[in-house]
2 protein chains.
Amino acid sequence: MASIKDVAAEAGVSVATVSRVLNDHPSVSEDARTRVLAAVRALGYRPNAVARSLRTDQTRTLGLVISDVLNPYFTELARAVEEEARALGYSVIIGNADERPDLQDHHVRTLLDRRIDGLLVSPTDGGSPLMLDAARAGTPMVFVDRWIPGVDVPVVRADGRAAVRDLVAHLYGLGHRRLAIIAGPAATTTGSERVEAFRAALAAHGLPLPDAYIGQGDFQAESGRRVTEGFLDLPEPPEVVFAADNLMALGALDAVRARGLRVPDDLALAAFDDIRWFVHTDPPVTAIAQPTDELGRAAVRALVDRIEGRPGESVTLPARLVVRRSCGAPPATPTATNRSQS
Amino acid sequence: MASIKDVAAEAGVSVATVSRVLNDHPSVSEDARTRVLAAVRALGYRPNAVARSLRTDQTRTLGLVISDVLNPYFTELARAVEEEARALGYSVIIGNADERPDLQDHHVRTLLDRRIDGLLVSPTDGGSPLMLDAARAGTPMVFVDRWIPGVDVPVVRADGRAAVRDLVAHLYGLGHRRLAIIAGPAATTTGSERVEAFRAALAAHGLPLPDAYIGQGDFQAESGRRVTEGFLDLPEPPEVVFAADNLMALGALDAVRARGLRVPDDLALAAFDDIRWFVHTDPPVTAIAQPTDELGRAAVRALVDRIEGRPGESVTLPARLVVRRSCGAPPATPTATNRSQS
DNA sequence: GCACGCCGTGGAATCGATTACATCGACGTG
DNA sequence: CACGTCGATGTAATCGATTCCACGGCGTGC
């Protein structure tokens, strides 16, 4: 591959001049500029980003560590992040933690080794020493979706409490009284928060949330299946299951179907995170939708602000309830179940 | 951040010795080794991958340019790729082309600028000059899923022809005679191949594939919707629609539902690419499943072989038909619709 | 007892860029 | 006419690693 030296030789100038042309420094003669540009084209020269990064101490790269690539929510998030980053002149390296703290650490470590300019994380746990050290050491960092309490890092996320209240009101209105939840890992903020929001919303209607109705999941489909089976085996099974993410809802659907039961007649179902497929499942699933795109963009903006020396603020956006048929009593108009209403 | 010089100073040795310890070169005294290791720990030193790459001319990084991150098929593929790469000591940078040639080029360019060791591509088009140049210039490269004919690059993909024959036989057996296809872009191999396989399979049953029954899609949901509406507006609409990927099938489902029609009674549906959600859609969708995981792993192995100087061979794995209810006549046993059978 | 070889080590070149500093010529001004 | 200024350019230091080469010391074989 041609280097800046080859270009300099070809154009009959020094490497300094070539570099000046490439970074359009003002003090270059028109003549030199055209000769350099011609040489660049002739050799098909492209600057070596590795060398440039070493010298300038910036990679114009963001690291994004997400909890699970197979989760459509995070995929959408990743897409929005990449788009906004590209618009701001940054690339993104995605690390998939698969909800495993060790994998998360692996990715944070290699991203740090590559000297990415900033890190976007949706932590799978309470925070490893590695990540906390990095935050303390001043690596620009922003938490997205989930966060680690007590760490001084901006957080970009959705607040689902109002939507959970709406959901519970909806369920209550349909006559449901025994409501259960498939929770995410307690070590994640979204894991514990959603349970608390659910509990609070139930309390507002004078309903309890017994321990037997709190199933411990891990945000993966398999745990949703397992927990749902546990619920169905209870002497007094719940009437509704609220899954704290879309994959566990999928697992719940698996469990219900495996028993030959029907949603919502035998068991109603609702989920946190709305995805396109929920419109076409049998039945369409009532869900709480996050403004995923905006979250991704806001997170990148906050991170780039930090990187470039500006404050970089936390952002909280509201989630909202999308009613479909998985909890019973179809909505008034048929189109109301379609996502396009939103 | 501490550099190798700091470590050398702390340990009272030269940078050469530190480097030797870090790369466990044999010729280092036990004493020096322990002092260096202690210094490394004390300073929390981590080698700068950027500097290392500049010197060694290898980044231990693979580039993966996929056609669409929002497509679960590619997400699964990306996951498998990352996993296998990690096992072999490589990281992966994913570029999402969103089925846009310009974006694809953008990613190939930045990946090349970053001097990735090898490139994994599932091309969205017939191949830009940029990519062809890179291949010719000797950048280790492997095509996955889709490929560009006439370029000397190994291809790792699934052969769906047998599965498409099975599908058509299945449809024929159910009494369907008017079969239509929502094709992918003709510029992609998977786009044109699937149409050809479908046409050939129809011919074997003496069935035609009229032009009106070939809808031009672009592998995105919206095009599936649009094409399906076109089919439904035909004076003699097809009895079955075969979508060449899962997103267009989703779009087809949207279109059918928007008209208040039912699958499979009013229109039967089948798709290329099987995904978890197809089990739970209304109705469960008959699909052709690719061995996505194995494809991803095989692709990485072929690429790493190339990078490390070994041959690196093309691989073709068979796809297979998974019958569900979206074409009519439910399969004999209820469990046969479940993915766990596979 | 001497020479050779090997081991451990450090000095310095190198990778490909950016950039501070020096140089040189042209031009304007007093 | 001399001097200061400014624009264009080149030389060389630098980023943080790896690695070739040289060197000193010690063990071994003859």
Side-chain angles (χ1 to χ4, degrees), chain A residues 1-40 43-61 89 91 109-117 137, chain B residues 1-37 39-40 43-61 89 109-117 137:
Chain A
M1 200 129 220
S3 85
I4 194 169
K5 270 194 211 140
D6 305 316
V7 176
E10 173 84 11
V13 297
S14 72
V15 295
T17 301
V18 175
S19 177
R20 288 195 189 96
V21 171
L22 263 28
N23 297 285
D24 36 41
H25 184 98
S27 160
V28 180
S29 69
E30 204 45 49
D31 175 54
R33 162 167 279 108
T34 55
R35 291 212 325 277
V36 167
L37 259 19
V40 164
L43 298 174
Y45 169 76
R46 296 244 80 213
N48 183 328
V50 175
R52 189 201 295 258
S53 294
L54 176 61
R55 183 60 231 251
T56 61
D57 201 34
Q58 49 165 340
T59 51
R60 294 205 74 82
T61 301
S91 307
R109 205 187 321 272
T110 57
L111 289 169
L112 255 24
D113 285 354
R114 273 152 200 277
R115 302 299 194 266
I116 42 126
D117 293 342
Chain B
M1 203 129 213
S3 85
I4 195 169
K5 270 194 211 141
D6 305 316
V7 176
E10 173 83 11
V13 298
S14 72
V15 294
T17 300
V18 175
S19 177
R20 289 195 190 95
V21 171
L22 264 28
N23 297 285
D24 35 40
H25 184 100
S27 160
V28 180
S29 69
E30 204 45 51
D31 177 52
R33 163 167 278 108
T34 56
R35 293 216 319 280
V36 167
L37 259 20
V40 164
L43 299 175
Y45 169 75
R46 298 243 80 214
N48 183 327
V50 174
R52 189 200 295 257
S53 295
L54 176 59
R55 184 57 231 251
T56 61
D57 200 35
Q58 51 166 338
T59 50
R60 294 205 73 83
T61 301
R109 205 188 318 273
T110 57
L111 289 169
L112 255 24
D113 285 354
R114 273 150 201 278
R115 302 299 194 265
I116 44 128
D117 293 342

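Per chain, numbering begins at 1; letters A, B, ... match sequence-line order. The basis for the numbers below is simple: all heavy atoms, side chains too, and nothing from hydrogens, waters or symmetry mates.
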Looking only at the side chain of [X] (C-beta and beyond, no hydrogens), which of the listed nucleotides [options] gets closest?
X     : options                : value
B:S29 : D:dT9, C:dT9, C:dT18   : C:dT9
B:A51 : C:dG11, D:dG16, C:dT18 : D:dG16
B:N48 : D:dG16, C:dA12, C:dA17 : D:dG16
A:V13 : C:dA17, C:dG10, D:dG10 : D:dG10
A:V28 : C:dG11, D:dT9, D:dA17  : D:dT9

Check: Nearest heavy-atom pair of A:R114 and B:V50: which atoms, and what distance?
Finding: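 Reported closest heavy-atom pair: O-CG2, 3.7 Å.
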Item checked: Closest non-hydrogen atom pair, A:R35 against A:V13 ->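 Shortest heavy-atom contact: NH2-CG1, 3.5 Å.
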Next item on the list: Would you mind telling me which residue lines up with the more 5' stretch of DNA chain C, B:A16 or A:A16, judged by nearest nucleotide?
Entry: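 Between the two, 5'-proximity favours B:A16.
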Notebook entry, point to check: For DNA chain C, whose closest nucleotide is more 5', that of B:D57 or that of B:H25?
Noted result: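 Between the two, 5'-proximity favours B:H25.
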Margin query: Could you measure the distance from the CG atom of A:L43 to the OG atom of A:S3? Nearest 0.5 Å is fine.
Written below: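 OG of A:S3 is found 9.5 Å from CG of A:L43.
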Round to the nearest Å and state the distance from [X] atom [atom1] to [N] atom [atom2].
X     : N      : atom1 : atom2 : result
B:D31 : C:dT9  : CG    : P     : 7 Å
B:R46 : D:dG16 : CZ    : C1'   : 15 Å
A:E30 : D:dG7  : CD    : C1'   : 14 Å
A:R55 : D:dA12 : CZ    : P     : 16 Å
B:I4  : D:dT18 : CD1   : C1'   : 8 Å
B:Q58 : D:dA17 : CD    : C1'   : 13 Å
A:R52 : C:dG16 : CZ    : C1'   : 11 Å
A:N23 : D:dA8  : CG    : P     : 17 Å

Tell me what [X] touches on the nucleic acid: a base, only sugar-phosphate, or nothing, going by heavy atoms under 4.0 Å.
X     : result
A:T17 : sugar-phosphate
B:A49 : nothing
B:S27 : base
B:V18 : nothing

Note to self: Within the structure provided, determine whether B:T34 and B:E30 are in side-chain contact (heavy-atom separation under 4.5 Å).
What the structure shows: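 Of all side-chain heavy-atom pairs linking B:E30 with B:T34, at least one is under 4.5 Å.
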Note to self: Side-chain N or O of B:K5 versus OP1/OP2 of D:dA17: is the shortest distance under 4.0 Å?
What the structure shows: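 B:K5 to D:dA17 OP1/OP2: no side-chain N or O under 4.0 Å.
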Check: Given C:dT18, is OP1 or OP2 found less than 4.0 Å from the side-chain N or O atoms of A:S19?
Finding: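 For C:dT18, OP1 or OP2 has a side-chain N or O of A:S19 closer than 4.0 Å.
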Next item on the list: Give a yes or no on this: more than 12 heavy atoms of other residues, nucleotides or ligands lie within 6.0 Å of atom CG of A:N23.
Entry: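 Atom CG in A:N23 is crowded, with more than 12 foreign heavy atoms closer than 6.0 Å.
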Notebook entry, point to check: Can you find a donor-acceptor N/O pair under 3.5 angstrom joining the side chain of B:R20 to the base of C:dG10?
Noted result: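 Donor-acceptor pair under 3.5 Å: yes.
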Next item on the list: Examine distances only and state if a side-chain atom of A:R60 and a backbone atom of A:G89 form a donor-acceptor pair shorter than 3.5 Å.
Entry: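 Flag set: sc A:R60 to bb A:G89 pair under 3.5 Å.
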